[in-house]
Amino acid sequence: MIVNQQRYNDISGILTTTSNFLLNYYNNDRRRFFVTATSIFVTTYTLWKLVRKQKSSIHEKYPNIVPSVSGALPMFGHGLKISKDPLGFIQQCKAEYGPAFKIKLMTQDYYVLTGKLIPEFVMASRKTVSFTDGIETIMPVERVMKLSYEHKHTEEIVNPRDKHPITYPIKQNFKPNQIEVFSDRIEKAFLEMLHDELNLKRGEKKQIDPWDFLSHAISRISCLCFAGSRVGTNRELISSMATLTQNIVKAGMLLTVLPPMIADMIVRRYMSVERQLDLLMKLLVPLINGLRSGEIPDDEPTFVSMTSKLPKADGSMRSPEDAAFHFKGVALASIHTTSHFTTFALHELACRPQLMADLRQEIATLDQRTPESVSHLPLLDSFLREVLRYDIDNLGLHHMALQDLVLSTGQVIPKGSLIVAALNEAHYDPALAPPSDTPLNVFDPYRYLNVKEDKASSTIGIDMISFGLGAHACPGRYFAVNEIKYVLAELLVRFNISTPSGKRGPDTFALGMAKFPPKENIILECIV
Ligand code: HEM
């Protein structure tokens, strides 16, 4: 790509110089017009030849390459079309080009895989595709970290032979039969949040920005469960972790649109997350030192204690700084995602009074409300699964092809390409889901009640890819669904939930890809 860009620049440079020379030489209006028109024609023709040559060389190398969708505009690619009707555009491409096709959004090519082809890349080995590299292409998280903190701490490069210091502890300790150890802390953190922020009298109302409220509530829970009682109640840590992802996303967006030198300078100076990372290190490094020396008793299961006890493949222990720094990884994986879907859930509830009444009735059957007891309620679980299914991104699960990927259709995705899953399209495809009375493009919170198969909110499959699929599917999903259901149950029994407009507001899409909840506030009216 860089070589081609250089060639374009060279050719345009030569053409510009030549036409300037001719213009100076023939100082006459008719000739000026003639020279300009000829220059434009020659430039266009040369560029067209170059693009064709590049295309034909790709086709020579890969005769069965995944087809490109026509009609990409200069600069925007298919951006305008997909933004107008995100799902409709993908469905139309699938109907015209088959289950795999290539689109262009702004300057980036995306190989879109639909339906049954999705597992072929999501479940492929990490030697073939990389989730981290895929995400980094569209959202340079690592670059933001480096720009913000490289002068103080360099992120550990995890040896492929090591047990991964973020994924391994979560995979090993957050299984459905293990997460009970977090219940008291989930309960404590959320009840304290309600006490501090929503201490209303019966009949009193308060408008909240649900995203802001929930990201702080989820951050309280995460800090207490993942860092532990000794540091996890620190208000500054909670608020830093609640906004860390948003700050990184903002800085990351700037890095993708501005020239590197300018963008790096702006991020370093004005958008750095250094302060948040400083705080994290200040609190967690002494905690890890204390746990290791035995000065602090290791009496509470936390992500920090799990990761700091995990030896490397050669038997050595990672430094307390390296172990502490991994906390931001779990904060990034868990807080934004969980708050995002809980915000959608509140908006779905706000426009459905009957559903709220049915859920309250179900919750009232419990002797005690705990994350455990609430997790077994069938309607609440069916509702959450429907939120995870219906309110999904249009395109997601970005993976980078580290090798040529040959699909079961025989088509090839070349090494170095960015692959995405048509998540929304798959979740709305009747061929992939069990038969249902309600069409899949309709939100039906009762959909999974009384179905024969296991359709729990944490059960993944081609009809539920919000947590990914296969070996790399989200290992925190059992924790996440318990946490979300508990938060919703506590809100439902205390408040009537509505919106100022009385309706469910429209979703917003970023570049036709990511789907965000309505921007409208939520009104909470105390009913107890
Ligand atoms: C509703 C909330 C959540 C959603 C929608 C979600 C979704 C996802 C998705 C789509 C992936 C990528 C799977 C892939 O590579 O194909 C993932 C990975 C991951 N998630 Fe979650 N997640 C959520 C909550 C959490 C929580 C609460 C934790 C921690 C307790 C967590 C920890 C992780 C980790 C460590 C990975 C990396 C797994 C790997 O690379 O093998 N997630 N998550």
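As the structure lists them, so they are numbered: ligands from 1, and atoms in each ligand from 1. Reckoned from all heavy atoms, side chains included, excluding hydrogens, waters and symmetry mates. Counting from 1, the numbers follow the sequence of the chain as shown.
- Proximity of Phe341 to ligand 1, defined as any heavy-atom pair under 4.0 Å, is confined to the side chain (atoms from C-beta onward).
- Regarding atom 18 (C) of ligand 1, its nearest protein heavy-atom neighbour is Cys474 CA, 3.8 Å.
- Here Ile522 contributes atom CD1 and Leu491 contributes atom CG; the two are 10.0 Å apart, rounded to the nearest 0.5 Å.
- The option from Gly396, Gly329, Ala333, Ser334 that lies nearest to atom 27 (C) of ligand 1, judged by heavy atoms, is Ser334.
- At a heavy-atom distance under 4.0 Å, only backbone atoms of Ser466 (N, CA, C or O) approach ligand 1.
- Atoms of ligand 1 found under 4.0 Å from any heavy atom of Gly468 (numbered from 1 in listed order, with element): 10 (C).
- Here the straight-line distance linking atom CD of Glu192 with atom CD of Glu187 works out to 11.0 Å at 0.5 Å rounding.
- Which parts of ligand 1 touch Leu397 is read off a 4.0 Å heavy-atom cut-off, strictly below it: atoms 10 (C), 16 (O).
- Contact check on Asp298 versus Arg292 returns no salt bridge, with no Lys/Arg side-chain nitrogen under 4.0 Å from an Asp/Glu carboxylate oxygen.
- Distances from ligand 1 to the non-hydrogen atoms of His398 include no value under 4.0 Å.
- For atom 6 (C) of ligand 1, the closest non-hydrogen atom of the protein is Phe467 CD2, 3.7 Å.
- Counting only heavy atoms of the protein, atom 15 (O) of ligand 1 lies nearest to Arg126 NH2, 3.1 Å.
- Nearest protein heavy-atom contact of atom 30 (C) of ligand 1 is Phe226 CZ, 3.6 Å.
- Asp391 and His347 form no side-chain donor-acceptor contact under 3.5 Å, judged by distance and modelled atom types alone.
- Of the protein's non-hydrogen atoms, Thr337 OG1, 3.4 Å is the one closest to atom 23 (C) of ligand 1.
- Using a 4.0 Å heavy-atom cutoff, Lys171 is listed among the residues neighbouring ligand 1.
- Only the side chain of Val122 comes within contact range of ligand 1, with a heavy atom under 4.0 Å; no backbone atom does.
- Not close to ligand 1: Phe303, with no non-hydrogen atom less than 4.0 angstrom away.
- In terms of protein heavy atoms, atom 41 (O) of ligand 1 is closest to His472 ND1, 3.0 Å.
- Proximity of a side-chain donor or acceptor of Arg385 to a complementary backbone N or O of Thr459 within less than 3.5 Å is detected.
- Nearest to atom 34 (C) of ligand 1 among the protein's heavy atoms is Pro475 CD, 3.5 Å.
- Between Phe101 and Lys94 there is a side-chain heavy-atom pair separated by less than 4.5 Å.
- Leu284 contributes atom CG, which lies 8.5 Å from atom CG of Leu279 (distance to the nearest 0.5 angstrom).
- Within the 3.5 Å criterion, the main-chain N or O of Ser239 finds a donor-acceptor partner in the side chain of Thr243.
- Cation-pi geometry between Lys328 and Phe325 is met: the NZ or CZ atom falls under 6.0 Å from the ring centre, inside 45° of the normal.
- Taking the ring centre of Tyr390 as origin, the terminal cationic atom of Lys515 falls inside the region bounded by 6.0 Å and 45° from the ring axis.
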